[in-house]
2 protein chains.
Amino acid sequence: MATAPQEVCVTDNLMHFLELSETDKRLLATLEQTPQPVAKGQQLWKASERPDTLYTLRRGWAYSMHRSESGEEQVLDIFLPGDLMGIRELTFPAHSTDVVMLTSGVVCPFPAERLLDIYQRSPSLTLAIHAAAARQQVIISKRLVNILRHDARAKIAHFVLELYYRLKRVDESVHRNFAVPLLQSDFGKLLGMTKVHVSRTLSEMENQGLLRKTRKDIQILDLDRLLEISAFDPMKLTDQLNPTLTAALPSPGPS
Amino acid sequence: MATAPQEVCVTDNLMHFLELSETDKRLLATLEQTPQPVAKGQQLWKASERPDTLYTLRRGWAYSMHRSESGEEQVLDIFLPGDLMGIRELTFPAHSTDVVMLTSGVVCPFPAERLLDIYQRSPSLTLAIHAAAARQQVIISKRLVNILRHDARAKIAHFVLELYYRLKRVDESVHRNFAVPLLQSDFGKLLGMTKVHVSRTLSEMENQGLLRKTRKDIQILDLDRLLEISAFDPMKLTDQLNPTLTAALPSPGPS
DNA sequence: CGTACCTTTGACGGCTGTCAAAGGAAGTGG
DNA sequence: CCACTTCCTTTGACAGCCGTCAAAGGTACG
């Protein structure tokens, strides 16, 4: 158990991309004025609802999922502290995913129009928010693409590494051992496999000295081999922004 | 062969989302000032390059793909006439996909900074471009998620329907029979299966009276059953924008 | 302490990948 | 216009991964 339930705000997240001016930080802070505790299992929005509220996740984990007519559930996003939730579906007349808290936590809801407001006031923030949204999409695409081409062991390896690097980004205290509030059935819904096969594969991976998952946490035993097996490339998740864009920003934004 | 090689510009694409003012249209037209013919097989960018140029696709088809170390190719995007190419990777220091023309065609390159320019000048255009980018992402996510959970027949059904509805959106002349410049191996790279199994499954689907694919085109034989098999929901690709956002736009943009 | 949920294990079958070879279509050069 | 080559598609045999069904064992929670 390496991670303490500390609070991570969106500013911490976005500052990975760009240095933000004090003005920008104050503007951003207005999005997190109304922290609100949420219970484990609480639903933040339903698939049929119109996206008019965005959320920042300050504490806890959440996930979004599709529910098909046949009742199958496919998890799409895993949200970690600091993440902006709901921006992908913003332009559509309906979310088309349910979002549920995986743990208890704290979220800050704010009206979607506020984002347009920010777009008009700060090009730097606009860019940073775009980068965060693009990053979320890349994470999903990479996960799905890699899942498509690999066997169960590589799927699990890939996802565990995704979590590892995403958590390390916002929480320095994360080491080879970190808390993960996901059941084996959650892995299944994420990776498109049955929980039975998840169980089998996890046992196999532990026997091979790759990783160990308990109910509460995950221990990475052989990082190098996991990277090799899954073809995971941490560099693809870089926080570095496109220099062509940052150069085109109006002012270099002094801190 | 139902589709003629007509020209579709980005304005045609974006106008599906929002009525654009004359000012907006003129601004948008500046992006398409330099049409440039491209040959089949021509590479528009490489995975390692920095995204400093965006493209609009006026004629022809293109696709983007990941190339893994082992040489496997995974196709991510299929670009059709009217599509904006390159916006997803814009904020990253490198594309991480190669983009190649599937047919000969016409593209209009323009510098990435121009987009920031547009963002500052027109909230309506900004919203429309975001919607187009979000739509592309939804297409990819839906494809991958559905692929994950279904067998080969449903995978193919889903992708064929994706093409069908995307093409119909920009080309009224598309009917149950439409030109598709994709090989069976391309289907394989898109759907994460071998070309051998694509062949087997296509034969099976033709025998079942579902669809018929030749080298040049695809004929949809039983739309209803394809929809049922693949759990494809055309409504998820709606062009309707989130009313909450359009209501928040500064001016209703008279045509 | 009891119950509900989660994980583990086993047997079995089907879908899909791999390897291999033949058949067919398109493009090239004579 | 034909011959040749190359690429694409089809077909078959076989093996392996993973889903399904079922039941038992373990853990958390009231």
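So that the names make sense, note that chain A is the first sequence line, chain B the second, and so on, each numbered from 1.
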If you measure only the distance, is there a donor-acceptor pair under 3.5 Å linking the side chains of B:Asn177 and B:Arg212? no
Using a 4.0 Å heavy-atom cut-off across all strands, classify A:Gly192 as base, sugar-phosphate, or nothing. sugar-phosphate
Could you check whether B:Val198 gets within reach of a base, just the sugar-phosphate, or nothing at all, counting any heavy atom under 4.0 Å? nothing
Of the nucleotides D:dG26, C:dC19, C:dT8, which one has an atom closest to the side chain of B:Val196? C:dC19
Would you mind telling me which of C:dA26, C:dT16, D:dG19 lies closest to the side-chain atoms of B:Arg215?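 When the side chain of B:Arg215 is considered, C:dA26 is the closest of C:dA26, C:dT16, D:dG19.
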Starting at atom [atom1] of [X], determine the distance to atom [atom2] of [N], rounded to an integer number of angstrom.
X: A:Asp186; N: C:dT7; atom1: CG; atom2: C1'; result: 13 Å
X: B:Lys195; N: C:dG24; atom1: NZ; atom2: C1'; result: 15 Å
X: A:Leu183; N: D:dG26; atom1: CG; atom2: C1'; result: 14 Å
X: A:Asn207; N: C:dT8; atom1: CG; atom2: C1'; result: 13 Å
X: A:His150; N: C:dG17; atom1: NE2; atom2: P; result: 14 Å
X: B:Glu204; N: C:dC15; atom1: CD; atom2: P; result: 9 Å
X: B:Ile156; N: C:dC15; atom1: CD1; atom2: P; result: 15 Å
X: A:Lys216; N: C:dT7; atom1: NZ; atom2: C1'; result: 16 Å

Quick one: does A:Ser64's side chain have a donor or acceptor within less than 3.5 Å of a partner on A:Asp77's backbone?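 Side chain of A:Ser64 to backbone of A:Asp77: a pair is present.
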Are the side chain of B:Ser185 and the backbone N or O of B:Lys195 linked by a donor-acceptor pair below 3.5 Å?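 No, the answer is negative, given that no donor and acceptor are paired below the 3.5 Å cut-off.
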What class does the angle between the rings of B:Phe187 and B:Phe159 fall in, given that below 30° is parallel, 30 to 60° is tilted and above 60° is perpendicular?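 The rings of B:Phe187 and B:Phe159 stand perpendicular, inter-plane angle above 60°.
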Using 30° and 60° as the class boundaries, would you call the ring planes of B:Phe232 and B:His158 parallel, tilted or perpendicular?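 Geometry flag for B:His158 against B:Phe232: perpendicular rings.
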Taking N and O atoms by type only, does the side chain of B:Arg200 place a donor or acceptor under 3.5 Å from a partner on the base of C:dT18?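 Looking at the base of C:dT18, it does pair with a donor or acceptor on the side chain of B:Arg200 (distance under 3.5 Å).
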Does C:dT8 have its OP1 or OP2 closer than 4.0 Å to a side-chain nitrogen or oxygen of A:Ser199? yes
